[in-house]
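These notes are about the structure you will find just below.
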There are 2 protein chains.
Amino acid sequence: MTGARGYHHGDLRRALLAAAAVAIEESGPAALSLRDLARRAGVSHAAPAHHFGDKPGLLTAFAVEGFDLLAAALQTGDSLLEMGVAYVDFAVRRRAHFEVMYSPDLYRADAPEVVAARGRSRAVLRSAVADLPPGPGAVGGAAGDALAAWSIVHGFATLWKAGALPDEAGDDPREAARVVIRRLFGSRVADVDARGQAAPPARSPRTPA
Amino acid sequence: MTGARGYHHGDLRRALLAAAAVAIEESGPAALSLRDLARRAGVSHAAPAHHFGDKPGLLTAFAVEGFDLLAAALQTGDSLLEMGVAYVDFAVRRRAHFEVMYSPDLYRADAPEVVAARGRSRAVLRSAVADLPPGPGAVGGAAGDALAAWSIVHGFATLWKAGALPDEAGDDPREAARVVIRRLFGSRVADVDARGQAAPPARSPRTPA
DNA sequence: GAGCATATCTTGCCGTTGACAAGATATGCG
DNA sequence: CGCATATCTTGTCAACGGCAAGATATGCTC
């Protein structure tokens, strides 16, 4: 399926997306060049155009791939806490995809494939939020929980990647993310997976003295 | 100070930064062209190089300007809640600066002027967090509060701008931001500026039943 | 106020890029 | 086998970033 390498590449589309991930990790999405991707894949400079049309077209496909990878990564976490950690982990380890996904002016963010893929990853998060015990004095209900959870985890990941955090944040994004998420949800999310069972919220130290 | 417009422009540096804000708001930072900025300012295509060296140099100055504008915007909010709202408002209204500031591969994010300006905006946030009543069971203390506050507000702003939020989030970013921030800090931040006085945390409905 | 150093801006050029057009080659289907 | 189509190549163009060399204005010194 892969090699062949005569006049026809055989799997150029996939090869270009893989090359894009490498190139973007090296120099960021702004410096991405279609001609460079073509060189990496061993084809002529005009070959990518057939598969993706133009540069935004390629990045649109790349973003779709990213949202699907994110949905898959989130599904490995069984609790909301671990799902948040997985989100941060995805942002740090798959930098290229993450950066493109949230740079909507680089690609066609309103393309139907993008909307669908983004909806899929959002649905995974939603399902975990639905499993939460209802929060006290919740202003927006489950939707508000999801919005707050997504915001804090996304913001933390972005700031971490941008190097905008002070040194006190430590050097392990997963652990730092856990602390931040616990601060949002408190006992509602604490220790579910560390002990394999949820700690009783009433005994939690989060209750004000 | 401004016009003159002979061989010498008179205030080209400022004019180029202003043109950059307009151009980026129109087409995003990736499509920014030094030659286009020069045309907008009415100078030759090589004039910008004298002031900023190269493209990353210009965006570095632009990011510094952004961090200082952010620090000024945050200072208008007197409570942590309103400061968070001001952060989101800044991200939405000054899109160009915000996008560049948090795209570190577009400029020299480790340049000393950038580090200093970023530190100034961070200090403003810190001062507001310090005014908070101490949280119950705080894992990371005030530093953790600041990190969580910054993360949730930054994440919300980014997601809002990226159009990644579901429609339920509404169409007023300021009000939606208020809801999200309250969910993080609960009674510790609620209604401080609405009533001009903090509600007593002990009576707050956030205490688990 | 004359002369010189320097800051600012222009013109001209080069290599690279994204996009397009036209042609070559492989693949699949009758 | 023969043709339609998908895939890839070669060639070209305008625009861009960056550099070099020259022109013009500004400020400083005497």
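In what follows, chains are A, B, ... by sequence order, proteins preceding strands, each numbered from 1. Values below: all heavy atoms of this structure, side chains included; hydrogens, waters and symmetry mates excluded.
- Between D:dC8 and A:His51, a contact under 4.0 Å exists linking OP1 or OP2 to a side-chain N or O.
- Computed from coordinates, the B:Leu16 CG to C:dC9 P distance equals 9 Å when rounded to whole Å.
- Here the CG-CG distance, from B:Leu37 to B:Leu58, works out to 6.0 Å after rounding to the nearest 0.5 Å.
- Distance from the side chain of A:Ala46 is smallest to C:dC20 among C:dA19, D:dC8, C:dC20.
- In the displayed structure, B:Asp172 atom CG is contacted under 6.0 Å by more than 12 heavy atoms of other residues, nucleotides or ligands.
- In the set C:dT11, D:dT9, D:dG18, the nucleotide with an atom closest to the side chain of B:Ser44 is C:dT11.
- Here C:dA19 presents its P atom at 12 Å from NE2 of A:His45, a figure rounded to the nearest Å.
- The side chain of A:His50 places an N or O atom within less than 4.0 Å of a non-bridging phosphate oxygen (OP1 or OP2) of D:dT7.
- When the nucleotides C:dT17, D:dG11, D:dA6 are ranked by their closest atom to the side chain of A:Arg35, C:dT17 comes out on top.
- Checking each of A:Leu70, A:Leu69, A:Val114, A:Leu106 against A:Met101 for a side chain to side chain contact (heavy atoms under 4.5 Å, CB included) leaves exactly one that passes, namely A:Leu70.
- Each of C:dC20, D:dT9, C:dT10 was ranked by its minimum atom distance to the side chain of B:Val43; first place goes to C:dT10.
- A straight line from CG of B:Leu59 to P of D:dG18 spans 10 Å, rounded to a whole angstrom.
- Nucleic acid contact for B:Leu32: sugar-phosphate only, since backbone atoms but no base atoms lie under 4.0 Å from a heavy atom of the residue.
- If you check every strand for non-hydrogen atoms under 4.0 Å, A:Arg13 touches nothing.
- Contacts of A:Ser33 with the nucleic acid, taken as non-hydrogen atoms under 4.0 Å apart, involve only primed sugar atoms and P, OP1 or OP2.
- Between B:Tyr102 and B:Tyr87, the ring planes are tilted. Angles from 30° to 60° get that label.
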